[in-house]
Number of protein chains: 2
Amino acid sequence: MNQGFGNGRELRPTTKVLPEHARGHNRSLVMQTLYREGQLSRADIARETGLTRVTISDLVADLIGENLVIEIGQREDVRPGKPATLLDLNRDAFQIIGVDLSEYATFRGAVLDLDGKILGRAELPLAGSTGEDAQAKVIALVETLIEKATRPILGIGVGSPGVVDLAGVVLTAPNLGWTNRSLQRDLAVRFSIPVVVINDANAAALAEHSFGGATSDMMLVKVGHGVGSGLLLAGIPLFGSRFAAGEIGHVVVGTDGGLTCVCGKVGCLETWLATPRLDAALANASTSEQKEQILWAAGERLGIALAPVVGALDLSEIVLSGPTQLLDGTLARATIETIRARTMPEFHGNLVLRMTTLGEDIVLRGAAVMVLSGQLGVS
Amino acid sequence: MNQGFGNGRELRPTTKVLPEHARGHNRSLVMQTLYREGQLSRADIARETGLTRVTISDLVADLIGENLVIEIGQREDVRPGKPATLLDLNRDAFQIIGVDLSEYATFRGAVLDLDGKILGRAELPLAGSTGEDAQAKVIALVETLIEKATRPILGIGVGSPGVVDLAGVVLTAPNLGWTNRSLQRDLAVRFSIPVVVINDANAAALAEHSFGGATSDMMLVKVGHGVGSGLLLAGIPLFGSRFAAGEIGHVVVGTDGGLTCVCGKVGCLETWLATPRLDAALANASTSEQKEQILWAAGERLGIALAPVVGALDLSEIVLSGPTQLLDGTLARATIETIRARTMPEFHGNLVLRMTTLGEDIVLRGAAVMVLSGQLGVS
DNA sequence: GTTTGTTAGTAAAGCTTACGAACAAACTAT
DNA sequence: ATAGTTTGTTCGTAAGCTTTACTAACAAAC
């Protein structure tokens with residue numbers, strides 16, 4: 001008699017569920033299955049999902065009617081029985097626009113296909129714009145991208161720095177001078193296309209999960225002009241009580257002082273790790289030994305800050321995103337060694353720490369994942 | 001076209017959903033509504049849930065048939081229209097057995113009603129038992145409790161120390177000498193009643209949420225012979241990648257050394273905070289000023305460990321459970337002040353830190369919540 | 001070439017679930 | 001008395017999935 005959907009971990013039913021919702025869920029389940037496994041027959045999908053062949057045929061008929069799924073011929077194997085008609089998502093029928101607002105001086109965007117592959121790019125220098133001006137640049141960038149698209153657009157995904165609520169309102173984004181800016185709604189009105197706006201680090205975490213092979217209990221640490229993070233717990237992005245989950249840049253780390261931060265506190269994680277600080281420190285170092293020490297210290301600080309988080313959340317993976325020449329190497333090594341030294345090996349001995357495999361496109365692609373999951377229930 | 005149930009935050013549909021599952025969900029929704037708001041008419045429930053009166057009548061008929069809901073007479077107000085027939089959960093029809101295995105020397109249990117009120121108690125000294133012997137004592141305790149029950153038993157909930165998986169297998173519980181012990185299954189077989197086994201700190205977090213008025217993004221820190229914690233994020237308990245979420249006792253805290261822990265590391269949270277250590281330190285202190293210093297230092301360490309967690313998770317509340325005379329006062333004050341000093345006031349300025357209001361029964365009652373939620377979808 | 005058995009996909013019928021329309025019962029207000 | 005309001009039920013309908021039974025299309029064995 002266990003109730004609730006999803007993974008059964010949610011304790012309280014919150015809203016009614018009608019048969020049509022169940023239908024939508026099963027519909028997404030079909031697309032999800034096709035998205036992940038590629039070419040399958042109706043019978044394959046039935047076996048995979050547990051639904052009957054009849055129901056799958058019915059759902060697939062709907063999806064074919066909407067041009068979301070196509071038949072791609074018969075399976076060519078030697079086997080008794082009627083040959084299977086292979087299906088796939090109509091991966092070439094729609095395109096997605098992804099936008100990354102998290103870089104310090106540039107807005108970047110891309111046109112992606114349903115597999116998250118980047119088909120075209122555009123960027124726009126921010127040139128110090130803030131407030132309404134900055135939003136106008138987002139709109140201009142999207143317009144450029146829409147022109148580059150060669151298929152109908154499934155939706156627009158935007159990864160924004162700062163604190164973003166579930167409705168895509170940017171509550172605060174200091175660098176852009178935004179407060180309570182309803183970017184998602186504004187863009188949706190402007191372009192009449194579904195829009196999703198999400199925090200940049202959360203987008204990155206989703207991208208790493210969907211495209212980078214990350215596990216379901218993962219933290220993505222994004223190092224740049226500031227330091228932020230995105231969390232995926234049991235496969236679900238964490239937003240936090242005030243949508244500020246992942247904001248670890250201004251957590252004080254260690255009990256031995258440090259530099260004064262722009263926020264006024266002493267020894268914030270950013271004072272050790274943010275790229276301007278790190279670059280400055282490295283520029284002042286004369287020997288390569290000193291440079292190594294600086295990188296080690298930075299990684300150690302990150303490890304000190306993350307150890308309690310790893311312990312509390314039982315993470316299985318930490319992924320770093322940011323300048324490879326700074327992060328990948330001594331710094332990453334110091335981080336994982338510090339975490340190992342400060343947590344229980346029984347639980348966290350096989351914690352993995354690695355660089356992202358998605359490079360600079362991580363936020364773009366995460367924004368695309370949000371569109372996919374929002375519009376198709378697929379990711 | 002957004003898919004998925006629950007809060008819409010899960011991204012991937014994982015299993016099929018049939019109409020009967022939707023029915024079960026709505027059924028739980030009705031019970032949930034009655035559980036929280038008490039006496040309501042069918043029409044009230046319909047308004048509350050968004051389902052129609054017809055559907056509610058149908059669901060309620062089922063629930064009355066199962067003796068889970070009863071009619072308790074007509075509403076006595078002066079109003080136009082046909083008088084409403086009030087309903088309520090049949091709170092007196094079933095009882096729950098809750099068991100707390102987390103105390104160092106004693107297994108405690110209770111018979112509870114559906115509101116979580118304790119109707120009777122029993123306990124059994126552990127007397128150093130481990131392994132199979134310890135499990136035999138759990139069974140003996142449950143037998144005693146079943147005899148005390150005066151109504152059919154809805155289920156048995158057990159809060160166990162250690163690492164417990166989703167199937168109620170105690171993967172490791174050092175104090176009890178348990179590894180991979182399938183306690184939930186064993187008890188279910190022995191008593192032929194639904195059983196739920198869950199980690200003690202997770203149970204405590206659930207209890208605090210259901211009965212203690214805690215918010216939905218909360219950490220419960222349980223201080224006793226060891227130090228553990230339970231996390232509720234967006235109202236969902238966090239289990240972690242290896243079911244070890246919340247295990248913060250052996251996270252090293254600070255960068256200035258400390259005492260050596262039984263685990264071999266130096267400066268684990270437990271070396272500052274576990275009650276044996278604290279009591280010993282306090283016994284060695286001569287002046288009350290020294291004692292205050294010790295308590296302050298302990299609280300400060302807890303704050304140092306929690307600050308990154310608060311930042312990463314954007315928690316709104318931290319609840320302490322354990323010996324009031326140690327925790328409530330200087331220690332708690334030091335903790336919250338330390339967290340405040342080490343995180344961003346914009347986000348965490350209104351973080352609340354408080355003692356539990358549920359006292360020593362917190363685990364028992366949390367175990368009961370698991371039974372309620374598992375059997376009725378209510379909590 | 002025929003028979004046997006398997007697999008894919010469809011069609012029809014039936015069950016469950018929720019809904020809307022309509023209504024009776026029971027009450028208040030005028 | 002009459003009109004209006006609210007509750008809860010009955011009846012018929014639409015949606016969604018299942019079961020059952022079918023056709024189509026093939027391989028293997030004779």
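Hydrogens, waters and symmetry mates are skipped; everything else that's a heavy atom, side chains included, is used. All chains are named by letter (A, B, ...) in the order of the sequence lines, taking the proteins before the strands, and each is independently numbered beginning at 1.
Side chain B/R42 to base D/dG8: no donor-acceptor pair is found below 3.5 Å.
One finds a side-chain N or O of A/R23 lying less than 4.0 angstrom from the OP1 or OP2 phosphate oxygen of D/dC17. For the OP1/OP2 pair of C/dC19 and a distance below 4.0 Å, the side-chain nitrogens and oxygens of B/T52 include at least one atom meeting the criterion. An OP1 or OP2 oxygen of C/dG9 is reached within less than 4.0 angstrom by a side-chain nitrogen or oxygen of A/S41. Considering only side-chain N and O atoms, B/S57 lies nowhere under 4.0 angstrom from the phosphate OP1 or OP2 of D/dG8. Regarding contacts with the backbone of D/dC17, every side-chain N or O of A/R27 stays at 4.0 angstrom or more from both OP1 and OP2.
For A/K82 and B/L59, each mapped to the nucleotide of DNA chain C holding its nearest heavy atom, the one lying further toward the 5' end belongs to A/K82. Toward the 5' end of DNA chain D, the nearer of the two residues B/P19 and B/L86, judged by each one's closest nucleotide, is B/L86.
Figure legend. D/dC30 is base-paired to C/dG1; pairs are counted as Watson-Crick or G-U wobble with both atom distances under 3.5 Å.
One can place CG of B/L29 at 14 Å from C1' of C/dA18, the figure rounded to the nearest angstrom. The nearest whole Å value for the distance from the CD1 atom in B/I64 to the P atom in D/dG8 is 11 Å.
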TODO: Check step by step if side chain to side chain contact (heavy atoms under 4.5 Å, CB included) holds for B/I153 and B/I146.
DONE: CA-CA 8 Å; B/I153 293 166; B/I146 287 177; 3.7 Å; yes

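Residue-level contact check: B/I56 touches neither bases nor backbone, having no heavy atom under 4.0 Å from any strand. Residue contacts for B/N26: at a heavy-atom cut-off of 4.0 Å it reaches the sugar-phosphate backbone alone, with no base atom in range. Using a 4.0 Å heavy-atom cutoff across all strands shown, A/R75 reaches no nucleic acid atom at all.
Relative to the ring axis of B/F94, B/R151 does not place its NZ or CZ within 45° and under 6.0 Å from the centre.
Ion pairing between a basic and an acidic side chain is recognised when a charged N comes within 4.0 Å of a carboxylate O; A/E71 and A/R42 show such pairing.
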